[in-house]
Amino acid sequence: MLLEKLLDGVLRINTPLGPRLMRPSFAQRVYLLWIFRNFHTLPAAVLSRGQQRRIDRMCRKNGFFSQFTRVGWEDFALLGTLEQRPQSAEDFSSGAGRSQVEASVPSFIADARRQP
């Protein structure tokens, strides 16, 4: 499974418009495997600013592809799921992201408790 994720893994990003898939490069897949090593799903708010900026650059550079190219989610080797696309650094530093942090932490804790 780890080899499959390294060779052809995708990142699922849950956005307000619905889930999107991103196909990162090999080096980016290694980085994302490290970020998602303990959790399958993470809210963007728990990532450091550097991690958020890096994932945001990945999204801009790689873009998203349609989930309809294959039959279902189970056909993809998911590296992890990021809840909400990270905001730009300007939005986060201005305090606009503070309410999102406060709103996403309780749901993150609830999801972590439900995971086996």
Side-chain angles (χ1 to χ4, degrees):
M1 185 67 168
L2 180 62
L3 184 60
E4 185 178 329
K5 288 181 179 183
L6 278 173
L7 294 177
D8 197 31
V10 296
L11 175 67
R12 180 173 44 191
I13 301 175
N14 290 334
T15 67
L17 300 174
R20 302 288 184 254
L21 297 175
M22 181 191 61
R23 189 172 312 238
S25 68
F26 179 78
Q28 291 169 340
R29 286 192 296 270
V30 171
Y31 180 73
L32 290 168
L33 277 173
W34 176 254
I35 290 176
F36 289 97
R37 68 191 177 275
N38 294 320
F39 300 99
H40 299 289
T41 302
L42 289 172
V46 301
L47 301 177
S48 70
R49 287 185 183 158
Q51 290 170 329
Q52 289 180 5
R53 283 193 304 267
R54 193 168 195 181
I55 291 175
D56 192 41
R57 278 194 307 267
M58 282 183 213
C59 292
R60 283 191 308 242
K61 181 180 177 185
N62 299 339
F64 299 107
F65 68 94
S66 173
Q67 69 259 21
F68 301 112
T69 57
R70 295 187 186 178
V71 175
W73 294 112
E74 62 276 354
D75 290 341
F76 295 105
L78 284 177
L79 299 167
T81 301
L82 185 66
E83 294 180 357
Q84 301 175 353
R85 185 172 177 188
Q87 296 179 342
S88 65
E90 297 83 28
D91 291 343
F92 195 81
S93 63
S94 69
R98 186 170 294 125
S99 63
Q100 285 187 340
V101 171
E102 294 168 356
S104 63
V105 170
S107 66
F108 172 70
I109 293 170
D111 287 344
R113 288 182 181 156
R114 282 187 290 221
Q115 295 291 330

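Treat the numbers as computed from the prediction; the structure is a model and nothing was measured. One-based numbering along the sequence shown.
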For the atom pair CG (Leu79) and OH (Tyr31), what is the distance rounded to the nearest 0.5 Å? 13.0 Å
dist Arg49:CZ -> Gln52:CD (nearest 0.5 Å) comes out at 8.5 Å
Are Phe64 and Ile13 close enough that some pair of their side-chain heavy atoms sits under 4.5 Å apart? yes
Student check: side-chain heavy atoms of Ile35 and Leu82 closer than 4.5 Å: no
Would you kindly confirm whether Leu2 and Phe36 end up in one hydrophobic cluster when ILVMFWY residues are joined by side chain heavy atoms under 4.5 Å apart? yes
Please give me the minimum heavy-atom distance between Pro24 and Gly9, naming the atom from each residue. CD-O, 3.6 Å
Nearest-0.5 Å distance that lies between atom CG in Leu78 and atom OG1 in Thr41: 9.0 Å
Nearest 0.5 Å, please: how far is CG in Leu42 from CG in Leu32? 10.5 Å
Compare every heavy atom of Leu6 with every heavy atom of Arg29, then report the nearest pair and how far apart it is. NE-O, 2.6 Å
Shared-cluster residues of Trp34, by chain and number - hydrophobic side chains joined below 4.5 Å: none
Can you find a pair of side-chain heavy atoms, one from Leu11 and one from Met58, that are under 4.5 Å apart? no
Once rounded to the nearest 0.5 Å, what's the spacing between atom CD of Gln28 and atom CZ of Arg23? 12.5 Å
